[in-house]
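The structure under discussion appears below in the form of structure tokens.
Just so it is clear, the values below take in all heavy atoms, side chains as well, and ignore hydrogens, waters and symmetry mates. Just so you know, residue 1 is the first one in the sequence shown, and it goes up from there. From a predicted model like this one, the values you see are computed outputs, not experimental measurements.
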Amino acid sequence: MEKNISILGSTGSIGTQTLEVARMYPNIRPLALTANSNVDLLEKQAREFRPRLVCMADEDRARDLKARLADTDIEVDGGEESVIRAAAIDGADTVVTAVVGIAGLAPTIEAIKAGKNIALANKETLVTGGHIVTRLARENNVKLLPVDSEHSAIFQSMQGFRRSQIKRILLTASGGPFFGKSRAELEGVTPADALKHPNWNMGAKVTIDSSTLVNKGLEVIEAKWLFDVDIDQIKVLIHRQSIIHSMVEYNDNGVIAQLGAPDMKLPIQYALTYPDRLVMAGNELDFTKYGSLTFDEPDTDVFYALELARRAGKTGGTAPAVFNGADEAAVELFLKGKLTYLGISEAIAAAMDGIKAVGEPSIDEIFDADRAAKEFVYKRVM
């Protein structure tokens, strides 16, 4: 198996784990790596894997990186356009989209237009532009291969079955660090508290979103587009152990589940090697360590951002972009100490009520909605 890949966001959690998989399988060769600002790590990755191109969205840091790699034949480019260039690089057959936020939408679209399969870890791409991305994927005969553990589990549980036979998708959630807490108990939550995820090692934005259930709401909308189901066919279950990554219930009430250790390397590897399943050292699931697997309903009175996401997904148009943009701004403010933890969901709700959704939006209208939502939250808080 030969696989040439481009990794957008190679210094983040998913990007570094993708390179761990590439390290195990030398036939998986990175041709391009991109990062936002982590010069030290990107230089280290570039020297180890020797891609043709490395890009930094931050142009000042790109100049620094270029000076550091002057003794190599690796090309260095900078700016947001350079990330798009890396996404469409000649010779790559798969693009791993591991950047965070709506910043992943434009490069993913260009990668699809260039005929690249997408190993999708950037859920905001489908949340904000699902109607465009899925249409382009069909037109260009491109595969959208999920990297999120939950969506990979659903994808794996669908192998050998027809989508028309799906009754429900059962999307699992760990519940984050605040499972079972009341609204009063969350009033004094700090960023340090919210960043203590019980099961997963993720970046700051995704970890905060996991704690508020915003992340699960984004995954509900993403699943709608990936698997061509209605929002009402997707049920969220709190599964504290994070062993069953998600399940699919079929018309005959049979349920197929995918189980595995709470680790991202398996879904990353499956997206890169699909339809093959290659040997993975370590990472085995030891059932004797788990006395029980439990399931609970999410508390949408306290963690009501999940219901806001479902509302956005049903409304469609630019409503999901407003939901996502408001959350990006609110999480940024929370991490800077300028917004309370409970204020994150409040800010999202206010933006959704204050900004009218546009149906069947263009790319420009999606980005306009994103900017409007962020500005709404900034002005509301600052």
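Between the side chains of E20 and T16, not a single donor N or O lies within less than 3.5 Å of an accepting N or O. Side chain to side chain, K167 and N253 meet the donor-acceptor criterion of an N or O pair below 3.5 Å. No hydrogens or angles considered: nothing links the side chains of Y341 and T212 as a donor-acceptor pair under 3.5 Å. Checked by atom type, the side-chain pair D276/T273 shows no donor-acceptor distance below 3.5 Å. Between T288 and D286, the side chains place a donor N or O and an acceptor N or O closer than 3.5 Å (distance only, hydrogens not considered).
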List the atom pairs, donor and acceptor, that lie under 3.5 Å between side-chain atoms in residues 92-100 and the rest of the protein, sequence neighbours left out.
from, atom 1, to, atom 2, distance (Å)
D93, OD2, N4, N, 3.2

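E328 and K205 are not joined by a salt bridge, as no carboxylate oxygen comes within less than 4.0 angstrom of a charged side-chain nitrogen. Under a 4.0 Å N-O distance rule, the pair R311/D353 qualifies as a salt bridge. Looking at E249 and K235, no side-chain N of the basic residue comes within less than 4.0 Å of a carboxylate O on the acidic one, giving no salt bridge. Here K123 does not pair with D209 in a salt bridge; the nearest charged N to carboxylate O distance is not below 4.0 Å. In summary, E139 and R135 engage in a salt bridge, as defined by a charged side-chain N under 4.0 Å from a carboxylate O. With salt bridges taken as basic N to acidic carboxylate O contacts below 4.0 Å, one links E219 and K216.
Counting non-hydrogen atoms of neighbouring residues, nucleotides and ligands closer than 6.0 angstrom, the CG atom of N141 reaches no more than 12 such neighbours. Counting heavy-atom neighbours within 6.0 Å of E332 CD, excluding the residue itself, gives a total above 12. Atom CG of D193 has more than 12 heavy atoms from other residues, nucleotides or ligands within 6.0 Å.
A side-chain donor-acceptor contact under 3.5 Å links N140 to the backbone of L136. Judged by distance alone, with hydrogens and angles left aside, the side-chain atoms of E124 form no donor-acceptor pair with the main-chain N or O of A103 at under 3.5 Å. Within the 3.5 Å criterion, the main-chain N or O of I234 finds no donor-acceptor partner in the side chain of R168. Looking at H239, its side chain never comes within 3.5 Å of a backbone N or O of L293 through a donor-acceptor pair. Under a 3.5 Å cut-off, the side chain of R310 and the backbone N or O of I231 do form a donor-acceptor pair. With hydrogens and angles disregarded, no donor-acceptor distance shorter than 3.5 Å links the side chain of E43 to the backbone of D40. The main-chain N or O of L278 is found under 3.5 Å from a side-chain atom of Q269 such that the two form a donor-acceptor pair. Judged purely by atom type and a 3.5 angstrom limit, S292 has no side-chain atom pairing as donor or acceptor with the backbone of T294. Without hydrogens or angle criteria, D252 side chain to G254 main chain gives a donor-acceptor distance under 3.5 Å. Remark: side-chain polar atoms of D230 are not paired, donor with acceptor, to backbone N or O of D232 under 3.5 angstrom.
Within the structure, salt bridge (charged side-chain N to carboxylate O under 4.0 Å, His left out) contacts touching residues 100-111 (residues at least two apart or in different chains) are E110-K113.
For F376 against G354, the heavy-atom pair with the smallest separation is CE1-CA, 4.2 Å. Closest approach of T172 to S246, counting heavy atoms only: N-OG, 3.2 Å. Annotation for R162 and Y250: closest pair O-CE2, 4.4 Å, computed over non-hydrogen atoms. Among all heavy-atom pairs drawn from V248 and S157, the shortest one is CG2-CB, 3.8 Å. A pairwise comparison of heavy atoms in P51 and A32 identifies CB-N, 4.0 Å as the closest pair. Annotation for A257 and M247: closest pair CB-CG, 3.3 Å, computed over non-hydrogen atoms.
Inter-residue side-chain proximity for T34 and I7 is flagged as unmet; no heavy-atom pair is nearer than 4.5 Å. Between Y274 and K143, the closest side-chain pair of non-hydrogen atoms falls below 4.5 Å. The closest side-chain heavy-atom distance from R61 to N38 is not below 4.5 Å. Contact of the V377 side chain with the K374 side chain is not registered, since no non-hydrogen atoms from C-beta on lie closer than 4.5 Å. In this structure, the side chains of L237 and D296 stay at 4.5 Å or more apart for every pair of heavy atoms. Counting heavy atoms from C-beta on, the side chains of P262 and I243 come closer than 4.5 Å.
With sequence neighbours left out, R371 forms a salt bridge (charged side-chain N to carboxylate O under 4.0 Å, His left out) with D368. Partners of R183 by side-chain contact (heavy atoms from CB on, under 4.5 Å), not counting sequence neighbours, listed by chain and number: Y304, L342. Qualifying side-chain contact (heavy atoms from CB on, under 4.5 Å) partners for P361, counting only residues two or more places apart in sequence or in other chains: H131, T318, E365, I366. Partners of E346 by side chain to side chain donor-acceptor pair (under 3.5 Å), not counting sequence neighbours: none found.
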Legend entry - Steps toward side chain to side chain contact (heavy atoms under 4.5 Å, CB included) verdict (R23, E48): CA-CA 10 Å; R23 202 173 280 122; E48 178 182 356; 2.7 Å; yes
Inset, instruction - Check step by step if side chain to side chain contact (heavy atoms under 4.5 Å, CB included) holds for M264 and V21. - result: CA-CA 10 Å; M264 286 301 299; V21 174; over 6 Å; no
Inset, instruction - For side chain to side chain contact (heavy atoms under 4.5 Å, CB included), just list the numbers for I154 and Q258, CA-CA rounded to whole Å, side-chain angles, deciding distance to a tenth of an Å, and then say yes or no. - result: CA-CA 7 Å; I154 296 162; Q258 187 268 327; over 6 Å; no
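For the atom pair CE of M56 and OG of S37, the computed distance is 6.0 Å after rounding to the nearest 0.5 Å.
Both tests pass for R277 against the ring of Y270: distance under 6.0 Å to the centre and angle within 45° of the axis.
Looking at R85, R52, K66 one by one, the single match for salt bridge (Lys or Arg N to Asp or Glu O under 4.0 Å) with E75 turns out to be R85.
Transitive grouping of hydrophobic side chains (ILVMFWY, heavy atoms separated by less than 4.5 Å) keeps V39 and L41 in distinct clusters. Hydrophobic clustering (ILVMFWY, side-chain heavy atoms < 4.5 Å, transitive): L53 and L8 are in distinct clusters. The hydrophobic clustering, which links ILVMFWY residues whose side-chain heavy atoms are closer than 4.5 Å, places F367 and V322 together. Placement of I344 and V302 within a single hydrophobic cluster is found when ILVMFWY residues are connected by side-chain heavy-atom separations under 4.5 Å, directly or transitively. Under a hydrophobic-cluster definition in which Ile, Leu, Val, Met, Phe, Trp and Tyr are linked whenever side-chain heavy atoms come within less than 4.5 Å, directly or via other members, L171 and V229 are assigned to the same cluster.
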